[in-house]
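Taking it in order: structure first as structure tokens, then the write-up.
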Amino acid sequence: MKTVKKISKINDFVIRFCNVNGSGSASANNLFARAIFRLGIPVSPKNIFPSNIQGLPTWYEVRVNEDGFLGRRGGIDMAVAVNGQTLFKDYQELLPGGYFLYDSTRELPENFTRTDITPIGIPLTSLCNEAFSNPKLRQLLKNIIYVGSLSYLLDIEFDVLTDSIKKQFQKKPKLADPNILALEIGFAYAEKHYRNSCELSVRRSNKLNGDIMMSGNSAFGLGAVYAGATVVGWYPITPSTSVVEAFERYANRFRVEEDTGRHKVAIIQAEDELAAIGIVIGASWNGARAFTATSGPGISLMSEFLGLAYFAEIPVVLIDVQRTGPSTGMPTRTQQSDLLACAYASHGDTKNVLLFPCDPKECFELGADAFDLAERLQTPVIIMSDLDLGMNDHVSAPMEWKEGRKYDRGKVLTAEDLENMQEKWGRYLDVDGDGICYRTFPGTHPTKGAYFTRGTSHNEYSAYTEESSDYEANMKRLLVKWETARGLVPAPRTKINDPACKTGLIFFGTSTHSTYEAISRLAKEGRVCNSLRIRAFPFHEEVLEFIERHEILFVIEQNRDAQMRTLLINECGTCRDKLQSILNIDGLPITANFITECIRNASLHNTVEPFPKQYSTGEKS
Amino acid sequence: MSYRRPGFRHPKQPKNDAGYTRADYEGAISTLCAGCGHDSTTNAIIQACFELNIEPHRVVKISGIGCSSKTPAYFLGRSHGFNSVHGRMPSIATGANMANRDLLYIGISGDGDTASIGMGQFAHALRRNLNLNYICMNNGCYGLTKGQDSATADRGSSGKRGVPNPYESIDLCELAIELGASFVARGFSGDKRQLVPLLKAAMAHSGLAFVDVISPCVTFNNTSSSTKSYQYVREHIEATNTFDFVPLQQEILTHYEEGTSQEVVMHDGSIIHLHKADSSKDVTNRLKSVNNLEREKEKGRLLTGILYINPDIKETHDIINSTLRPLNSLTEEDLCPGSAALEEINASLR
Ligand SMILES: Cc1ncc(C[n+]2csc(CCOP(=O)(O)OP(=O)(O)O)c2C)c(N)n1
Ligand code: SF4
């Protein structure tokens, strides 16, 4: 029988925890990922979870990478398989040379015959039952025991784990003891039975340079507090719910009046997404900063109102945490598939400003900028996040806020402005030539500045009209505003690795990290590529320049229909043949392996296979 | 009403205590059909605001879509107005009210706008008790889309097309009471003497005041077979107790005999005197209020007046415990935690 060399690596591996939803595995797995982080090693955990509260399979994939590549790599070096339902599949998916940690209270069935992996049996259930009598605790501590075993197997400093536990249970020290005991039990068992079995290891490092670990949704929620949002209308939907939860948590901390105990926010859980965005529009129209958070189905429901906001020119900040298609099930998996729905959301001629953050720092910063942009441009601004970015913890550079930063409230007339005004004010009159007009808020002045807001049928003075010429002039002015937006939105991040190189990669959002990793690998093979990370729509001038200077461009996205490519062709008038697609639609974050392979094939065989070959396991070769 | 308003106004038009003439509460010229009930309702709103000495620029008018929803253009031309999308007036009003609790919010809707497409938003604005004067101009049909039956059309009633409505109708007032409304009234656009004080009482109320105004559509639903025609309503109207509305700071000139009148003190100190002609028509009790409506309906009568009132319950801002200051007046100093706090947060995430 052929024996395969064990995978042997320091600070560079992928471990996948295979659990049952609702079994308390999240906190154990989180404890593991945080320990790696605290040891100064870049790490990225990703939840792959079902639309379910209890009982269905759930995975937690942790990538450890000293070089700081934190996208998904592809392939599993070690599985911690404690879910009977998926045991065999999890077993099969392990890379040759990998490690299979399982609960050996029961023996593995006969068909578990791989000889190219190292099985590590820890009798989690029986160890747990021997040590603990409380059935509820047993359930949770079984997971902690495997973390203890991993601590031995992977050389994770034990104190880092116990410190985390102590910190976590600061307020309930009684609970810390059984957790620490569970860690010890797991550690001792592995030490006794699996001495020197595992050649993956973790070694303290200093690669984090002050980085933080946070989810994109929390970062956006905090950004909205910093940006001065006061009104939120929302309707629960995974994966966006935790945006509002985070906002509320930070608002409870920073926005309570000391003297009255009253809150400087109004958060309304609406009856649906139509009402949620209606609340945002009403509040913004009346001069408060407001936002809502949703996902694809909510975007569909909000479409009519987005059009109204576009035509009536009302600021809206909306974060779309994208997920897969309609209904429930796969929709709790990640995707970047609402691009066209958002860019052109609504009826009539509409185009909306989109922002594409790629990590928590950008969720915070672009999130805060979105409020300035929305008010400056008096139009909807949609932040295109996704489940991967929103709900997983990411290592990210720390968030920054310039002390004394002022909010850009855009063109708003005060009572004094109105009083001193010589010429006649028109709500939709472009006096500066940038397509943006001055607005007023209700209650500002006793006799001046009141106007009647409607969708389309208004002239420059906001009077009712159905004159074609008025409509046309207004629609053309909105295009002038669109050009103004192009100059205001964040520029892309361009990397020209070789000025003579004719191949460019275009990507955005959560494809960023895997793409950078692919670029680095390809460079080592002598295939240099330039790259451009899009950060906003309308496309910045730089995007057009980048496309023009290259002969072939790979547009990397996580949707089936190449929506970004469509937008680029449509908006930049580029030749379609130049733009090749690399597409991932399995509901899991795109991997570096897949991107590398696609580009390699393209340059070897002159063909691009836009989709990964194999979907059954969610793995790409 | 497509009438020409006279260009000349008498220079000595009477002013109210706030220093405004009635003309200061008017809006653009109506483009609705001549005789449309909505125009009379508009006039009643103008009259109520004038009599209550409301400063026009402190009012916000918000509507959905429909002939009825066009009316905010025709009253209070000095107020900000917002003609939004079909059935969604309540959410715009909610957002606007959250942004600035200090203004008076008038929400205008139609029966199509409220009882069909907007039913969800109607229900939820009620249960949150948003501080809003929700006026539904109810004509039993969709005027703007040319006369289809609406969900408030009575079973058997038929408009211009002559086809009797086969479906059960929705009584918005009954529903409002059941959904937790704190002020519910019904008026008739053809009875200004009752409608103006009803609207005034609604405006004095803190919380959601729902006023269902039967407001006939002369073009599509004023037929002899329609139960929302002028004639039918006039013949079948029944009032709850008559009442007097005494705004805050107005001297009470009338004296009521002990036991003949019930006094309801509104949030702002205004007082409503309900005259107890028929003591069974207690409108401060939810159960009785619903019974009153059902009983009159059984008799084939349409009950109008104040149908239910509860001046003591909290409006949305107080339910969510938001600041007394208008949220839209808060600045960076009030809202932004600053860079030092962010440093602390960063540190806690390491
Ligand atoms: C989403 C949407 N669907 C349909 C319409 C068409 N529409 C305009 S007004 C209206 C009905 C209005 O009826 P009602 O609210 O009773 O007002 P009325 O005109 O009778 O005063 C409809 C269906 C629309 N504007 N928007
Ligand atoms: S169609 Fe009916 S509701 Fe519309 S304006 Fe004419 S009369 Fe009024």
Side-chain angles (χ1 to χ4, degrees), chain A residues 208 210-214 222 225-226 228 230-231 233 254-255 257 260-268 270-272 274-276 278-288 290 304-305 308 398-403 405-407 440-447 450-455 464, chain B residues 28 31 55-62 72-73 77-85 87-88 90-100 102-103 120-121 123-124 128 316-317 320-332 334-343 345-346 349-350:
Chain A
L208 290 174
D211 285 354
I212 57 168
M213 192 159 159
M214 186 185 206
L222 183 63
V225 169
Y226 269 75
T230 51
V231 180
F254 294 115
R255 293 279 191 81
E257 286 178 341
T260 64
R262 285 177 173 265
H263 294 238
K264 290 183 275 188
V265 285
I267 302 172
I268 304 287
E271 52 273 29
D272 53 29
L274 292 90
I279 289 168
V280 172
I281 292 172
S284 295
W285 176 77
N286 206 2
E304 186 190 19
F305 254 147
L308 178 77
M399 298 169 282
E400 286 170 38
W401 185 265
K402 208 168 139 259
E403 189 60 36
R405 170 173 164 172
K406 289 278 168 213
Y407 302 150
T440 58
F441 300 145
T444 302
H445 191 283
T447 53
Y451 71 100
F452 197 75
T453 305
R454 354 176 134 74
Y464 187 81
Chain B
T31 58
E55 293 177 288
H57 74 291
R58 306 298 294 170
V59 180
V60 171
K61 314 165 289 183
I62 298 171
R78 293 182 179 190
S79 311
H80 275 67
F82 194 160
N83 191 182
S84 68
V85 296
R88 317 294 173 208
S91 62
I92 298 282
T94 304
N97 186 302
M98 289 304 104
N100 185 354
D102 281 356
L103 304 178
Q121 299 212 344
H124 290 272
R128 289 187 202 108
T316 313
H317 274 288
I320 65 171
N321 197 28
S322 49
T323 173
L324 296 172
R325 294 182 287 166
L327 284 170
N328 70 357
S329 69
L330 304 182
T331 60
E332 287 86 347
D334 294 300
L335 301 173
C336 184
S339 51
L342 190 61
E343 264 324 299
I345 294 173
N346 278 328
L349 296 168
R350 286 188 181 119

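Per chain, numbering begins at 1; letters A, B, ... match sequence-line order.
The heavy-atom pair separating A:G261 from B:N321 by the smallest distance is O-ND2, 3.2 Å. Between B:A99 and A:A283 the shortest heavy-atom distance is CB-O, 3.6 Å. Heavy-atom minimum distance, A:A270 versus B:R128: CA-NH2, 3.5 Å.
When heavy atoms are compared at a cutoff of 4.5 Å, A:L274 approaches chain B by way of both its backbone and its side chain. Only the side chain of A:L222 comes within less than 4.5 Å of a heavy atom of chain B; its backbone N, CA, C and O stay farther away. Of the two parts of B:S79, only the backbone, made up of N, CA, C and O, holds a non-hydrogen atom closer than 4.5 Å to a non-hydrogen atom of chain A. Heavy atoms of A:T230 lying under 4.5 Å from chain B belong to its backbone as well as its side chain. Heavy atoms closer than 4.5 Å to chain B are found in the side chain of A:E257, but not in its backbone. With a 4.5 Å cut-off on non-hydrogen atoms, A:R255 touches chain B through its side chain but not through its backbone. Looking at B:E55, there are no atoms closer than 4.5 Å to chain A (heavy atoms on both sides), in backbone or side chain. In this structure, no portion of A:S284 lies under 4.5 Å from any heavy atom of chain B. With a 4.5 Å cut-off on non-hydrogen atoms, A:A275 touches chain B through its backbone and its side chain both. Looking at A:V225, both its backbone and its side chain come within 4.5 Å of chain B, counting heavy atoms on both sides. Of the atoms belonging to B:P56, not a single heavy atom falls under 4.5 Å from chain A.
With hydrogens and angles disregarded, no donor-acceptor distance shorter than 3.5 Å links the side chain of B:R78 to the backbone of A:T447. In this structure, the side chain of A:N286 does not engage the main chain of B:N97 through any donor-acceptor pair within 3.5 Å. A donor-acceptor pair is defined here as one N or O able to donate and one able to accept, closer than 3.5 Å; such a pair exists between the side chain of A:K264 and the backbone of B:D334.
B:L324 has its side chain out of reach of A:T260: every pair of non-hydrogen atoms, C-beta onward, lies at least 4.5 Å apart. Between A:Y407 and B:C336, some side-chain heavy-atom pair lies under the 4.5 Å cut-off. Using a 4.5 Å cut-off on side-chain heavy atoms (C-beta onward), A:I267 and B:I320 make no contact. The closest side-chain heavy-atom distance from B:R350 to A:D211 is not below 4.5 Å.
A distance of 8.0 Å separates OG in B:S322 from CD1 in A:I268, rounded to the nearest 0.5 Å. The line from CD of A:E400 to OG of B:S339 is 10.5 Å long, rounded to the nearest 0.5 Å.
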- request: For the pair B:N100 and A:F441, evaluate side-chain contact (heavy atoms from CB on, under 4.5 Å) and give the outcome as yes or no after the intermediate values.
  value: CA-CA 10 Å; B:N100 185 354; A:F441 300 145; over 6 Å; no

field: Verdict with reasoning, A:T453 to B:H80, per side-chain contact (heavy atoms from CB on, under 4.5 Å)
entry: CA-CA 8 Å; A:T453 305; B:H80 275 67; 5.8 Å; no

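For B:N83, the side chain to side chain donor-acceptor pair (under 3.5 Å) partners two or more places apart in sequence, or in a different chain, are B:S63. Partners of B:H57 under the side chain to side chain donor-acceptor pair (under 3.5 Å) rule, at least two apart in sequence or in another chain, do not exist in this structure.
Of all the listed residues (A:H263, A:E304, A:M214), the one sharing the greatest number of non-hydrogen pairs under 4.5 Å with chain B is A:H263. Top candidate by heavy-atom pairs under 4.5 Å with chain B, chosen from A:R454, A:K402, A:E403, A:M213, is A:E403.
A salt bridge does not link A:R405 to B:E332: none of the charged side-chain nitrogens sits closer than 4.0 Å to a carboxylate oxygen.
In this pair, B:F82 and A:W285 present their aromatic rings tilted. The plane angle is within the 30 to 60° band.
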